Amino acid sequence: MAPALLRLAAVEPADLELISAALQDSVAKVKDLTFLKGKRRFTAQLNRYRWEAADAGDRGQRVRAVLSVEGVLSVQARAVRRDAAEAVAAVLALRFEPAAEPPGGVIVLELAGGGALRLEVECVDALLADISEPWTARARPNHEGAA
């Protein structure tokens, strides 16, 4: 039996916490982090670690997934080299910073090494969906010694 593919939608800030947990330890090439300004959409194609399927002592699995955020007004990057398209960015977390006027705010995609993408949004409107069959991961992410 094929494993169930994950599909999570966020329409409230609290919903982003579930997506953040599912995205932890995902990796993406910089070229796969895209802002479509005319469509006001940000997309990230990632190799997501399947924490929901990880067994102790097992390397676990990865799956190809897409994060899509709608209603994006602007994107700012910190410590992300757009000129290094093949560089790999590792996702730590996704969080929401509310604006003074709800429902807008900023969705922050925190990356390893101090990098971040800040998406100014009209409201929370995000989707995370697996788009491939899982495969065996090279290694289980290790957080020993993490601050």
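Note that the structure is predicted; figures quoted are calculated from it, not measured.
- When all heavy atoms of N47 and R62 are compared, the closest pair comes out as O-NH1, 3.0 Å.
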**Request:** Step by step, work out the side-chain contact (heavy atoms from CB on, under 4.5 Å) result for V124 and F96.
**Result:** CA-CA 9 Å; V124 174; F96 183 70; 3.7 Å; yes
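- Grouped by direct or indirect side-chain proximity (heavy atoms under 4.5 Å, Ile/Leu/Val/Met/Phe/Trp/Tyr only), L73 sits alone.
- Looking at residues two or more places apart in sequence or on another chain, you find no side-chain hydrogen bond (donor to acceptor under 3.5 Å, both in side chains) involving S132.
- Remark: V30 pairs with V80, R82, A87 by the side-chain contact (heavy atoms from CB on, under 4.5 Å) rule, at least two apart or across chains.
- E86 meets the side-chain hydrogen bond (donor to acceptor under 3.5 Å, both in side chains) test with K29, K31; sequence neighbours excluded.
- Applying the salt bridge (Lys or Arg N to Asp or Glu O under 4.0 Å) rule to D130 yields the partners R48; only residues at least two apart in sequence or on another chain are considered.
- Closest approach of A79 and G114 over heavy atoms only: CB-O, 4.1 Å.
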Which pairs of donor and acceptor atoms, one on a side chain in residues 103-113, lie under 3.5 Å apart (sequence neighbours left out)?
residue	atom	partner	partner atom	Å
E110	OE2	R95	NE	2.2
E110	OE2	R95	NH2	3.3

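- Listed by chain and number, the residues in a side-chain hydrogen bond (donor to acceptor under 3.5 Å, both in side chains) with E70 are R41, S68 (sequence neighbours excluded).
- With rounding to the nearest 0.5 Å, the separation of CZ in R118 from CD in Q76 is 6.5 Å.
- With hydrogens and angles ignored, the 3.5 Å screen pairs no side-chain donor or acceptor of W51 with any backbone N or O of A21.
- Closest approach of R140 to Y49, counting heavy atoms only: CG-OH, 3.5 Å.
- V91 and L127 sit in two unconnected hydrophobic clusters of ILVMFWY residues. Membership requires side-chain heavy atoms under 4.5 Å apart, directly or through other members.
- Distance NZ/K39 to NZ/K37: 16.0 Å, rounded to 0.5 Å.
- Nearest approach of V69 to V72, heavy atoms of both residues: O-CG2, 3.4 Å.
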Validation: residues 3-16 side-chain donor-acceptor distances under 3.5 Å, sequence neighbours left out:
residue	atom	partner	partner atom	Å
D15	OD2	V11	N	2.9
D15	OD2	E12	N	3.0

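- Atom CD of E120 and atom CZ of R40 lie 11.0 Å apart (nearest 0.5 Å).
- Checked against side-chain hydrogen bond (donor to acceptor under 3.5 Å, both in side chains), D32 has the following partners two or more places apart in sequence or in another chain: R64.
- Between L46 and S26 the shortest heavy-atom distance is CD2-CB, 3.9 Å.
- L119 and F35 end up in the same hydrophobic cluster when Ile, Leu, Val, Met, Phe, Trp and Tyr side chains are linked at under 4.5 Å.
- Across all their heavy atoms, S20 and A93 have their closest contact at OG-CA, 3.5 Å.
- Residues forming a salt bridge (Lys or Arg N to Asp or Glu O under 4.0 Å) with R78 (at least two apart in sequence, or on another chain): none.
- Annotation: side chain of L117 is in contact with side chain of L33 (closest heavy-atom distance under 4.5 Å).
- Considering only heavy atoms from C-beta on, L128 stays 4.5 Å or farther from V66 through its side chain.
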